[in-house]
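Beneath this line is the structure, given in structure tokens, with notes to follow.
Whatever order the structure lists ligands and atoms in, that order sets their numbers, starting from 1. Owing to the predicted nature of the structure, the values given are computational and were not obtained by experimental measurement. Every heavy atom of this structure was used, including side-chain atoms; hydrogens, water molecules and symmetry mates were not.
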Amino acid sequence: MKESNPITEPIGQNLIKLIGNVCFSVFVFSVLIFTVIAITYQPPDPWLESAPALTKLFTQSENATFQNDNSILKTGEDFPLVHALAPERMPITEAVIKETEEKIATTTPESRSGCDELQDVVNCSDPRVLIAVEKFNLRVFKSIVFLEYQTTVNGSKPDECDMAWRFRNKKEKSWRKYRDFRRFKFGIGENCTYKVVQAGAWHSGVNARRPRSRISNGMRRGGGNNAKIAPPPMRDEEINDTIPSLGLMNFNKGRYLYYSRGGDYCKGMNHHLWSFLCGLGEAMYLNRTFVMDLSICLAATYNPSNKDEEGKDFRYYFDFEHLKEVASIVEEGEFLGGWKKWDRSHKRKVPTRKVVSYKVTPMQLKKDKSTIVWRQFDAPEPENYWYRVCEGQAAKYIQRPWHALWKSKRLMNIVSEISGRMDWDFDTVHVVRGEKAQNKELWPHLDSDTSPDRLLEKLKVMVQPWRKLYIATNEPFYNYFDKLRSQYKVHLLDDFNELWGNTSEWYNETMLLNNGRPVEFDGYMRVAVDTEVLYRGKTRVETFYNLTTDCKDGINTC
Ligand SMILES: *[C@@H]1O[C@H](CO)[C@@H](O)[C@H](O)[C@H]1NC(C)=O
Ligand SMILES: *[C@@H]1O[C@H](CO)[C@@H](O)[C@H](O)[C@H]1NC(C)=O
Ligand SMILES: *[C@@H]1O[C@H](CO)[C@@H](O)[C@H](O)[C@H]1NC(C)=O
Ligand SMILES: *[C@@H]1O[C@H](CO)[C@@H](O)[C@H](O)[C@H]1NC(C)=O
Ligand SMILES: *[C@@H]1O[C@H](CO)[C@@H](O)[C@H](O)[C@H]1NC(C)=O
Ligand SMILES: *[C@@H]1O[C@H](CO)[C@@H](O)[C@H](O)[C@H]1NC(C)=O
Ligand SMILES: *[C@@H]1O[C@H](CO)[C@@H](O)[C@H](O)[C@H]1NC(C)=O
Ligand SMILES: *[C@@H]1O[C@H](CO)[C@@H](O)[C@H](O)[C@H]1NC(C)=O
Ligand SMILES: *[C@@H]1O[C@H](CO)[C@@H](O)[C@H](O)[C@H]1NC(C)=O
């Protein structure tokens with residue numbers, strides 16, 4: 001069992017509140033988000049004939065309060081068609097492999113009678129090595145689409161090679177690609193072909209992690225003669241979320257929309273996003289660059305400390321690289337620095353239009369030519385929420401750009417790793433307990449329906465015995481599910497805690513974003529990862545509908 005360490009317990013307590021509140025606001029949100037996307041993108045789907053009705057719901061729900069927002073919003077990559085770019089590459093299928101195999105067979109001389117040349121030392125550049133791995137991967141990781149194999153280099157022993165490739169998960173609707181690199185050990189298979197006899201874990205092929213150009217430069221294991229080139233910090237080369245710098249020279253050429261901090265600060269994450277996307281949507285509508293404060297203050301419910309915490313970087317949670325690509329944004333510090341410098345070095349100050357009330361609509365600002373449009377939010381709550389700008393008439397003009405928001409790739413890497421460790425072949429069950437289970441008025445049966453005995457009884461019908469079963473839950477007591485271990489190989493999020501522990505890649509990478517200080521894996525991140533793993537299960541059992549007849553949002557709501 002877990003020793004009760006000082007960190008997990010408060011998290012547990014918070015988790016009660018956290019996942020527990022998969023509440024009305026979430027329902028509203030799901031509908032809203034879908035509606036926004038439906039309205040914005042108009043995919044050719046007959047279902048969307050009902051768009052006007054949804055629009056109505058959308059506008060009516062604007063007053064939605066954000067008290068119960070401790071759950072995870074769907075983000076851009078969860079929606080199909082939104083950014084349905086054609087896949088850049090053909091996935092590597094059996095047919096593709098066969099084709100390559102045939103090509104090799106015809107181009108290599110028929111001197112392969114014996115297996116001698118394959119003994120002991122594996123030539124990692126041999127295309128047959130690649131084929132062996134491609135076949136192995138296809139066989140083992142059925143829910144993965146392999147898009148491109150990038151690098152094959154020597155491993156640490158003569159019979160090993162490290163390989164890197166890009167993939168995407170079939171469960172994810174977007175075409176976002178992830179990268180994995182693993183170490184493989186080879187043996188000789190039938191007919192003198194290579195055979196994978198052992199495959200390393202997620203990101204084990206460290207020699208293949210660097211981009212190809214580096215490798216061909218002689219950056220090899222054990223250093224080399226390139227002593228002058230310091231090895232770059234260990235990080236995922238796939239993630240480029242550096243803050244773009246704003247040249248002073250260019251400052252006055254831009255047109256900016258600046259929202260100064262309002263009442264949204266230190267609210268829940270969903271409130272934050274609802275507001276942020278309103279501002280970004282307005283900036284897009286006005287064709288301006290949005291000034292973005294990357295520093296988030298996260299409400300107490302997500303934090304093990306149980307206090308509001310400032311200085312949480314947007315990039316811990318969301319994909320800043322993607323945001324930079326699809327939206328025009330400038331980081332607040334860069335912007336303010338540029339502004340100050342400009343004012344100091346020029347006689348004419350930067351033309352700035354101050355807007356003190358959200359009641360000034362985006363439409364009224366459309367014609368404004370000022371370099372900076374500065375919205376201030378100094379009114380008392382709730383007049384000082386950013387999202388109020390998008391209420392009323394403005395809702396007809398401003399669309400929240402949900403497609404700009406993807407979950408952080410670093411978090412998703414953890415999701416991939418957890419799924420990978422369960423060989424992408426597992427079933428999941430979502431067990432909502434926490435506050436809801438305690439609230440007998442609104443959820444009269446939830447507590448007993450999710451008791452260990454009832455769980456086992458119900459799951460037996462839906463999940464085959466001895467399957468790997470991942471339990472996504474807000475139940476803080478780790479051993480609560482022990483009873484299920486008599487029938488299933490049970491996995492819980494905490495079983496994977498080294499993935500964000502102080503020896504993890506995640507830890508190293510987030511620390512770089514935080515000026516070298518460690519970043520805490522907070523409640524929001526936990527729920528985000530838990531939820532995503534849940535979605536990747538082959539059979540997914542939900543609390544509401546599958547385990548209990550209680551309604552998700554309380555009695556008589558379904
Ligand atoms: C929003 O709330 C206000 C006051 O609470 C109410 O008068 C108004 O009708 C609501 N708007 C919508 C669209 O429901
Ligand atoms: C390894 O294989 C590549 C491609 O087939 C070939 O060009 C190279 O000469 C081989 N190297 C060794 C040491 O056999
Ligand atoms: C890989 O290993 C083989 C055999 O051990 C060696 O001949 C080759 O030079 C190595 N290649 C690189 C790029 O280090
Ligand atoms: C090995 O070769 C034989 C005869 O050519 C063939 O029947 C068999 O399928 C081959 N095995 C593999 C694993 O390719
Ligand atoms: C990262 O992205 C920025 C633009 O946002 C670009 O200027 C920079 O060159 C990129 N860095 C790398 C290493 O790709
Ligand atoms: C948006 O602004 C850019 C420069 O700020 C300008 O080049 C472009 O034409 C504008 N587009 C529209 C549709 O106004
Ligand atoms: C990581 O955490 C463990 C336990 O909390 C501690 O003993 C160890 O010294 C830490 N290691 C590093 C590199 O910080
Ligand atoms: C994290 O960084 C430390 C120190 O730079 C390094 O020793 C370790 O290998 C890194 N861990 C991972 C998983 O990248
Ligand atoms: C859970 O309930 C839904 C809705 O009734 C149903 O479609 C689904 O098949 C159920 N899941 C399982 C694993 O039985």
Side-chain angles (χ1 to χ4, degrees), residues 2-9 11 117-127 129-130 150-164 183-186 194 205-226 234 304 426-432 449-450 454-465 467-472 484 487-488 494 497-512 514 516-521 534-552 558:
K2 317 247 109 166
E3 66 287 90
S4 67
N5 83 47
I7 293 178
T8 53
E9 284 200 327
I11 290 185
E117 52 162 344
L118 297 179
Q119 299 298 353
D120 300 336
V121 176
V122 173
N123 177 356
C124 294
S125 318
D126 190 328
V129 166
L130 180 59
Q150 297 169 307
T151 326
T152 311
V153 294
N154 287 351
S156 63
K157 298 208 192 82
D159 60 349
E160 288 175 350
C161 300
D162 288 2
M163 306 253 185
R183 178 158 294 174
F184 294 92
K185 189 177 161 89
F186 296 88
Y194 288 113
V206 290
N207 293 348
R209 76 177 297 161
R210 294 178 207 291
R212 197 185 299 257
S213 58
R214 284 279 167 82
I215 286 155
S216 61
N217 273 345
M219 292 263 301
R220 286 180 42 201
R221 198 164 15 96
N225 43 15
N226 277 335
M234 291 288 257
F426 54 95
D427 299 327
T428 54
V429 55
H430 192 193
V431 181
V432 175
D449 282 342
T450 56
R454 294 298 300 281
L455 267 178
L456 187 56
E457 198 179 298
K458 294 231 167 97
L459 283 174
K460 271 183 180 167
V461 181
M462 295 181 268
V463 181
Q464 304 265 318
R467 288 276 299 161
K468 290 176 202 125
L469 181 68
Y470 181 88
I471 304 177
L484 301 183
Q487 289 283 313
Y488 301 107
D494 270 324
N497 57 15
E498 83 271 12
L499 296 180
W500 56 88
N502 64 9
T503 53
S504 68
E505 209 169 304
W506 181 87
Y507 181 88
N508 279 6
E509 289 178 1
T510 50
M511 196 153 75
L512 286 179
N514 197 29
R517 286 188 311 270
V519 173
E520 176 181 55
F521 194 74
L534 174 73
Y535 289 158
R536 281 160 179 68
K538 287 201 169 148
T539 300
R540 172 160 39 124
V541 179
E542 278 295 347
T543 301
F544 302 100
Y545 313 120
N546 297 124
L547 297 177
T548 179
T549 50
D550 283 357
C551 302
K552 199 170 174 178
C558 57

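Taking every non-hydrogen atom of T539 and a distance limit under 4.0 Å, the qualifying atoms of ligand 9 come out as 13 (C).
Distance remark: protein heavy atom present below 4.0 angstrom from atom 11 (N) of ligand 7. Within the 4.0 Å cut-off (strictly below), no protein heavy atom is located near atom 7 (O) of ligand 9.
Counting heavy atoms closer than 4.0 Å to ligand 9, residue R540 contributes backbone atoms (N, CA, C, O) but none from C-beta onward.
Residue-ligand proximity: M462 is placed with a non-hydrogen atom under 4.0 Å from ligand 9.
Looking at N546, D427, V461, it is N546 that brings a heavy atom closest to atom 3 (C) of ligand 9.
Between the Y194 side chain and the D126 main chain, no donor and acceptor come within less than 3.5 Å of each other. Remark: side-chain polar atoms of T543 are paired, donor with acceptor, to backbone N or O of H430 under 3.5 angstrom.
Between F521 and W500, the two ring planes are parallel [angle under 30°; tilted spans 30° to 60°].
If you check which protein heavy atom lies closest to atom 5 (O) of ligand 7, you get N502 ND2, 4.5 Å. Nearest non-hydrogen protein atom to atom 4 (C) of ligand 9 is Y545 CB, 4.2 Å.
No donor-acceptor contact under 3.5 angstrom links the side chains of T548 and R454, judged on distance only.
L455 places a side-chain heavy atom less than 4.5 Å from the side chain of L547.
A salt bridge links D162 with R183: at least one charged nitrogen is closer than 4.0 Å to a carboxylate oxygen.
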